[in-house]
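Here the structure comes first, spelled out in structure tokens, and everything after it is commentary.
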Amino acid sequence: HAILATDGPGKLTAAFSFGPYGGFHGHFDKLSFVLFGFGEELAVDPGRSASQAYRLPIHREWYKATTGHNAVLVDGNSQNEADGEYLAFKSTSSHAAVTASAGPAFEQVSHIRFMMLSPDYLVVIDELSPKDGREHQYDWLYHNKGNTVTSTLPREEIALGDSPAGYAYLEDIRSFKSRNGEPLVVNFQGEEVRVHMKMAGEPGDELFLATGPLRSVEDRVPMAIVRRKGKTVRFATVLEPVAATGAPKVKDIRLIEGPEFKVIVDTEGGEDYITFTEGKLDRFKISKHTAAGSKTLLEN
């Protein structure tokens with residue numbers, strides 16, 4: 001595991017899983033993560049229940065499967081048994097970053113995830129590359145505690161499909177579509193804390209909001225699914241927890257493609273750049289750009 005912690009108003013902490021497969025008790029959750037802030041569990045791992053009835057289909061199809069974790073599905077398939085690989089880690093009192101690979105979790109696709117925690121937000125960047133040179137369907141999954149989940153995208157009737165089998169446990173499904181590549185904005189509303197999710201969008205992105213099981217089928221937790229199709233695909237997402245009495249500082253997130261691609265988080269205090277040398281997620285430089293100049297915050 002990697003533990004990311006920063007000294008900000010919400011005392012944000014993220015835990016990131018990439019280690020060896022755990023055998024019979026292991027889950028298909030490579031590169032999954034959880035997030036804590038303002039004294040609460042926010043991004044949650046639903047791969048747990050009040051009573052593990054191992055013989056019931058829900059254990060195999062939800063709690064143990066990739067669907068019940070903050071991870072990515074490929075072509076509607078859960079991960080295989082796999083050992084992940086640590087690639088990079090760097091931290092200061094204000095910023096922490098980690099990169100890891102899912103290893104052979106998918107036969108036809110490699111998955112690398114980069115995460116950076118600042119005092120105010122968590123950035124998650126995923127790169128999925130085909131080993132077979134073909135186009136694939138990627139479902140980016142995120143579960144967050146809260147009472148409601150909403151989006152600013154226009155509603156559109158889209159079939160989620162019945163693959164993987166774990167989608168059968170979802171309720172209150174709503175669908176949305178990005179037509180012009182606008183950012184995907186999702187808000188998780190809790191009693192004391194709200195989590196604002198922004199993802200750099202691409203034309204044709206499909207968004208599904210729903211609720212899924214947590215400790216039981218009656219204990220529900222909101223979730224978001226972003227579906228994107230292509231060959232090499234990158235997801236760039238920022239998750240910003242905010243106290244119910246506060247206001248978000250993040251305005252936008254942009255992904256700039258190129259040999260040295262970068263992700264820019266636009267905040268009320270300037271722009272935070274995450275630059276990847278030679279396009280590699282384990283070679284990163286994080287810097288803040290304001291009207292007064294630029295400053296390097298973290299580099300590997």
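The structure displayed is predicted, hence computed values, not measured ones.
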*Quick one: do L31 and Q79 satisfy side chain to side chain contact (heavy atoms under 4.5 Å, CB included)? Show the steps, please.*
CA-CA 11 Å; L31 308 189; Q79 296 176 0; 5.7 Å; no
*May I ask you to check whether F188 and Y142 place their ring centers less than 6.0 Å from one another?*
yes
*Look at the aromatic rings of Y273 and H289 and report parallel, tilted or perpendicular, splitting at 30° and 60°.*
tilted
*Atom CG of D162: over 12 foreign heavy atoms under 6.0 Å*: no
*Out of D205, D252, T152, which residue meets the side-chain contact (heavy atoms from CB on, under 4.5 Å) rule with P183?*
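Exactly one candidate clears the test, D252.
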_Is the shortest side-chain heavy-atom distance between K30 and H111 below 4.5 Å?_
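Side chain of K30 against side chain of H111, heavy atoms only: no contact under 4.5 Å found.
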*List the atom of G37, the atom of L12, and the distance in Å for their closest heavy-atom pair.*
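Scanning both residues, the minimum pair turns out to be CA-CD2, 3.7 Å.
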*Could you tell me which non-hydrogen atom of A210 sits nearest to which non-hydrogen atom of I173, and how far apart they are?*
CB-CG1, 3.9 Å
Please determine whether a side-chain nitrogen of the Lys or Arg among [X] and [Y] lies less than 4.0 Å from a carboxylate oxygen of the Asp or Glu.
| X | Y | result |
| --- | --- | --- |
| E171 | R220 | yes |
| K249 | E240 | no |
| R234 | E257 | yes |
| R254 | E271 | yes |

*In a check of salt bridge (charged side-chain N to carboxylate O under 4.0 Å, His left out) between D139 and each of R227, R228, K229, which one passes?*
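For D139, the salt bridge (charged side-chain N to carboxylate O under 4.0 Å, His left out) test succeeds with only one of R227, R228, K229, which is R227.
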_Flag for Y121-D272: side-chain donor and acceptor within less than 3.5 Å_ =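 Per modelled atom types, D272 and Y121 side chains form a pair under 3.5 Å.
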*Applying the ring-ring contact (aromatic ring centres under 6.0 Å, His included) test to F284, which of F114, F261, F89 qualifies?*
F114
*Output the distance between atom CZ (F106) and atom CG (L73), rounded to the nearest 0.5 Å.*
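So the gap between those two atoms works out to 6.5 Å.
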